[in-house]
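Structure first, then comments.
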Amino acid sequence: MSALAIVRGALWVGDLSRYPRPVHDCDGYALFEVQGRLVPKLARSMRVSCSVVRARLQRGARAFTAWSTRDDEVAGWLWVSTGREWAPPIRRELHFAADECYGWDAGTLPDHRGHGLFTELLRYAGWRMAREGARLMWGGILDENLASQRANAAAGLRPIVHLSAIHDLEPTTLQAWPVEYADERLVVRALRVVHGEDQ
Ligand SMILES: CC(C)(COP(=O)(O)OP(=O)(O)OC[C@H]1O[C@@H](n2cnc3c(N)ncnc32)[C@H](O)[C@@H]1OP(=O)(O)O)[C@@H](O)C(=O)NCCC(=O)NCCS
């Protein structure tokens with residue numbers, strides 16, 4: 001008998017009202033939001049085609065990057081959406097309230113890892129989104145992804161609900177339950193993110 005295909009993770013959140021003004025430059029890296037000119041560079045680092053990046057930007061997703069001034073390349077990136085976004089690991093569309101945003105599909109090129117780039121990108125993107133009215137930034141992290149957990153914790157995010165997605169049967173069965181000591185108001189919001197208004 002084959003093992004069940006279960007994806008385990010958690011939905012994390014950062015309270016953007018507590019975010020300090022971040023640095024824009026750190027040790028050979030500049031942080032900024034990608035506009036049209038940098039699409040090919042971002043696509044190259046992400047190993048996707050330019051059309052994938054352009055389609056995301058056209059539908060309103062935002063891309064924040066850490067640019068390596070030494071190597072002239074996008075060393076790290078973080079996508080941020082509002083409204084709704086598909087979450088592939090749990091095969092579910094997530095729904096965000098008007099004052100929420102969602103960080104997703106982050107990455108740092110292997111040669112640039114461990115320099116705090118993801119942590120700084122989370123802070124920078126969170127600060128930028130806060131200036132535009134967002135109060136909370138959500139993110140999904142797999143339980144096995146210790147590097148992402150450390151970076152998110154360093155950037156001030158914390159887990160609110162555990163997620164467990166069982167993919168063997170269609171449709172996917174998704175379970176969500178509170179993390180111990182999580183703020184109840186954030187748990188309610190997290191369940192709305194996962195299940196929509198009718199949870
Ligand atoms: C996760 C990822 C984006 C982190 O990028 P980064 O720029 O290296 O992140 P940071 O340097 O800000 O922080 C990484 C932290 O994890 C730690 N870390 C790195 N590899 C680790 C590992 N294998 N196990 C545990 N901790 C690890 C680092 O030491 C650092 O913690 P510290 O600051 O307490 O020392 C990068 O590893 C990556 O691209 N992974 C593949 C894609 C991915 O997982 N994306 C995120 C999806 S949620």
Side-chain angles (χ1 to χ4, degrees), residues 6-14 16 18-34 38 41-48 52-53 56 61-82 84-94 96 100-129 136-165 167 174 176 179 190 193-194:
I6 303 180
V7 172
R8 296 180 205 281
L11 197 58
W12 291 52
V13 80
L16 302 182
R18 296 177 187 188
Y19 271 39
R21 189 186 178 93
V23 293
H24 288 253
D25 299 284
C26 49
D27 286 341
Y29 299 96
L31 306 186
F32 51 81
E33 182 171 4
V34 166
L38 269 185
K41 294 278 195 184
L42 175 57
R44 186 191 169 98
S45 293
M46 290 180 62
R47 293 172 173 263
V48 297
V52 169
V53 173
R56 288 182 180 184
R62 319 257 302 254
F64 296 92
T65 58
W67 176 261
S68 165
T69 48
R70 191 194 61 192
D71 300 332
D72 259 0
E73 65 182 355
V74 170
W77 58 91
L78 169 68
W79 286 87
V80 178
S81 292
T82 53
R84 52 183 59 193
E85 188 58 61
W86 180 255
I90 57 171
R91 298 182 195 164
R92 181 69 62 114
E93 183 162 74
L94 303 178
F96 306 101
E100 298 174 348
C101 63
Y102 172 59
W104 55 286
D105 198 9
T108 300
L109 293 179
D111 283 353
H112 299 274
R113 288 181 188 168
H115 295 288
L117 291 189
F118 185 30
T119 306
E120 289 305 330
L121 272 175
L122 286 163
R123 289 186 182 136
Y124 177 68
W127 177 74
R128 288 281 305 269
M129 297 307 289
L136 298 176
M137 181 162 71
W138 296 98
I141 309 178
L142 297 179
D143 284 352
E144 70 221 33
N145 197 339
L146 294 180
S148 183
Q149 289 169 11
R150 288 184 75 98
N152 274 270
L157 286 86
R158 55 195 184 282
I160 301 301
V161 292
H162 298 283
L163 299 173
S164 170
H167 293 313
L174 182 65
V179 167
V193 167
V194 174

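Because the structure is a prediction, the values reported are computed rather than measured. In listed order, ligands and their atoms are each counted from 1.
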With heavy atoms under 4.0 Å as the rule, classify the contact between [X] and ligand 1 as side chain, backbone, both or neither.
X: Arg113; answer: both
X: Asp105; answer: neither
X: His115; answer: backbone

Rounded to the nearest 0.5 Å, how far does [atom2] of [Y] lie from [atom1] of [X]?
X: Leu38; Y: Ser45; atom1: CG; atom2: OG; result: 9.5 Å
X: Trp86; Y: Arg92; atom1: CH2; atom2: CZ; result: 8.0 Å
X: Leu163; Y: Arg8; atom1: CG; atom2: CZ; result: 11.5 Å

Going through the distances and angles, do Arg62 and Glu33 end up as a salt bridge (charged side-chain N to carboxylate O under 4.0 Å, His left out)?
-> CA-CA 7 Å; Arg62 319 257 302 254; Glu33 182 171 4; 2.5 Å; yes
Determine, counting only non-hydrogen atoms of the protein, whether one lies under 4.0 angstrom from atom 34 (O) of ligand 1.
->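 There is a protein heavy atom less than 4.0 Å from atom 34 (O) of ligand 1.
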Give the residue, atom name and distance (to 0.1 Å) of the protein heavy atom nearest [atom].
atom: atom 5 (O) of ligand 1; answer: Thr108 OG1, 3.1 Å
atom: atom 24 (N) of ligand 1; answer: Leu146 CB, 3.7 Å
atom: atom 47 (C) of ligand 1; answer: Asn145 ND2, 3.8 Å
atom: atom 13 (O) of ligand 1; answer: Ala151 CB, 3.6 Å
atom: atom 12 (O) of ligand 1; answer: Thr119 OG1, 2.6 Å
atom: atom 32 (P) of ligand 1; answer: Arg150 NE, 3.7 Å

Consider ligand 1: state whether an atom of it lies below 4.0 angstrom from any non-hydrogen atom of [X].
X: Ala154; value: no
X: Gly114; value: yes
X: Gly140; value: yes

Quick one: list whatever passes side chain to side chain donor-acceptor pair (under 3.5 Å) with Arg18, sequence neighbours left out.
-> Asp15
Side chains of Leu109 and Trp77 in contact at under 4.5 Å (non-hydrogen atoms) |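 In contact.
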Could you list the residues that satisfy ring-ring contact (aromatic ring centres under 6.0 Å, His included) with His115, not counting sequence neighbours?
->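 None.
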Check: [X] N/O within less than 3.5 Å of ligand 1 N/O:
X: Phe118; answer: yes
X: Ala106; answer: yes
X: Ser148; answer: no
X: His112; answer: no

Taking every non-hydrogen atom, the tightest pair across Phe96 and Glu85 =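 Nearest pair, atom of Phe96 first, then Glu85: CE1-N, 4.0 Å.
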Would you name the heavy atoms of Phe118 and Asn152 that are closest together and state the gap between them?
-> CE2-ND2, 3.6 Å
So Tyr124 and Phe64, would you call those rings parallel, tilted or perpendicular, with 30° and 60° as cut-offs?
-> perpendicular
What orientation do Tyr102 and Trp104 show, parallel under 30°, tilted 30 to 60°, or perpendicular over 60°?
->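 If you compare the ring of Tyr102 with that of Trp104, the planes turn out parallel.
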Nearest-option assignment for atom 27 (C) of ligand 1, heavy atoms, candidates Ala147, Gly116, Ala75 | Ala147
